[in-house]
Amino acid sequence: MIALVDCNNFYVSCERVFNPALEGRPVGVLSNNDGCIVARSNELKALGVEMGTAMHLLPPFIRRQAILLSSNYALYGDMSRRVTEALTEFSPDVEIYSIDESFVGFQGFDPTTLEAYGQHLRETVRQWTGIPVSVGFAPTRVLAKLANHAAKKHPGYRDKGVCKLETDSPATQILLKQLPVTGLWGIARRTGERLRLMGIETAWQLREADPKQIRRHFSVVQERIVWELRGQPSIQLDDMSQPKQQIMVSRSFGRLTNSPQDLREALRQHATRAGEKLRKQGSVTSTVMVFVHTNSFRTDLPQYRNRTVVSLERPSDDSRDLINAAVQGLRQLWRKGYAYHKVGVMLLDLSPKANRQLTLTETSQTEAEARRSERLMDTVDRLNRELGRGTVQLGLSRAGNAWALRSEHRTPRYTTRWDELVKVRM
DNA sequence: TCTGGGGTCCTAGGACCC
DNA sequence: TCTGGGGTCCTAGGACCC
């Protein structure tokens, strides 16, 4: 058996841990730039607010009664780490799947005791971190997702917050027959539409479908879902401890801008952040992709989106190389007459730094330069880690720039910034 | 005025090689 | 008039996830 442990309304729950006055109230957490709603308390869901609702489309009567907070990722990231730590007390086999979900392996545990064990896990996580979680047990990941969903929503399970499903048990069959196929993990709107044309509308109908036929019509991804529904584990989770294969950093601007300087500064910032991520996982990159685009919602304005790829002379993890490449790419992309909304950088072709190939022409002088680069980046990373992100920057940016994020309702970073904690208490 | 950010996997199709 | 076939690698784009 495997369990999916999922934090309930995670970002909202994090905020509530530090501000109990938010309990029982309709609370939402906003995306970057306070643009749309990315997390909702049950009370806000009950008001009919959908995930991803744009702030400016939120009906006034909801805006009046809801408490809407800017997102505080430093806080959520740190709370997530604490939840994971608590989970490792219950099984050595914890796979972090996202900031608020982990699969926990319980192979070899006595199946009859699992539900009680799940209860104990919930209580412990709640007590240690303040975060409420739901637990779904099943033989496969797709079914564990379903079990978790039932543990959150289904009348028969939600009071306990734990649900265990066996392959093809009556309870499992009932849930699958009630569930639209798009409620399954891995089946979204597009695939759902095509399945409907084949007469498959419920999760149970997909379970009954011929896996080979599903593969012919779709791909191996959907075929695996059928096998998983039948209780046969077929989905491997990529090992999250493996280094990423690509690294992306991008942000929408706080307001539209057509100033090349704004774009350049934002991009320098993104390239710097990408370099930090790259070094943290011990990789180097040889290809930097840059993209820009205008705001596609502003149909009244001329639209432009483009991207370009810049190859580095040799693989690098030095932020200065990344910045140079990114700025060079931007020079090719920038066009007059557009109101830009977003720039970003992607690092592709990542490889482990340890394998770095020395080129034939590499001399001892460039070797010395590489060592200097390494020492400089180490120092920059250490200072930023210890004193807070942005303490040391490569090049200065102006205050009040157009690309600065709007974040008007952010709560203090309670668990990672002493200065902000003190401010609260005074 | 205002609509997130970051990632993965898979397939199709073109280029290229022998 | 006739104009191979099969393998591999790469890229772009679709779909999905949280």
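Side-chain nitrogen and oxygen atoms of R273(A) include none within less than 4.0 Å of the OP1 or OP2 phosphate oxygen of dG6(B). Checking the phosphate oxygens (OP1, OP2) of dT3(B), no side-chain nitrogen or oxygen of T53(A) falls inside 4.0 Å. Note on N295(A): a side-chain N or O is less than 4.0 Å away from OP1 or OP2 of dT3(B). Proximity of Q222(A) to the phosphate of dA15(C): no side-chain N or O atom is located under 4.0 Å from OP1 or OP2. Put simply, R298(A) has a side-chain N or O that comes within less than 4.0 Å of OP1 or OP2 on dC2(B). Here K342(A) reaches the OP1 or OP2 of dG5(B): one of its side-chain N or O atoms lies under 4.0 Å away. Residue S250(A) places at least one side-chain N or O closer than 4.0 Å to OP1 or OP2 of dG6(B). Here K277(A) reaches the OP1 or OP2 of dG7(B): one of its side-chain N or O atoms lies under 4.0 Å away. Applying the 4.0 Å criterion to OP1 and OP2 of dG6(B), one finds that R251(A) has a side-chain N or O inside that range. Of the side-chain N and O atoms in R307(A), none sit less than 4.0 angstrom from OP1 or OP2 of dA12(C).
The backbone N or O of R314(A) sits nowhere less than 3.5 Å from a side-chain atom of S286(A) that would complete a donor-acceptor pair.
At least one side-chain heavy atom of V29(A) sits under 4.5 Å from a side-chain heavy atom of Y76(A).
With 3.5 Å as the limit, one finds no donor-acceptor pair spanning the side chains of E15(A) and Y414(A).
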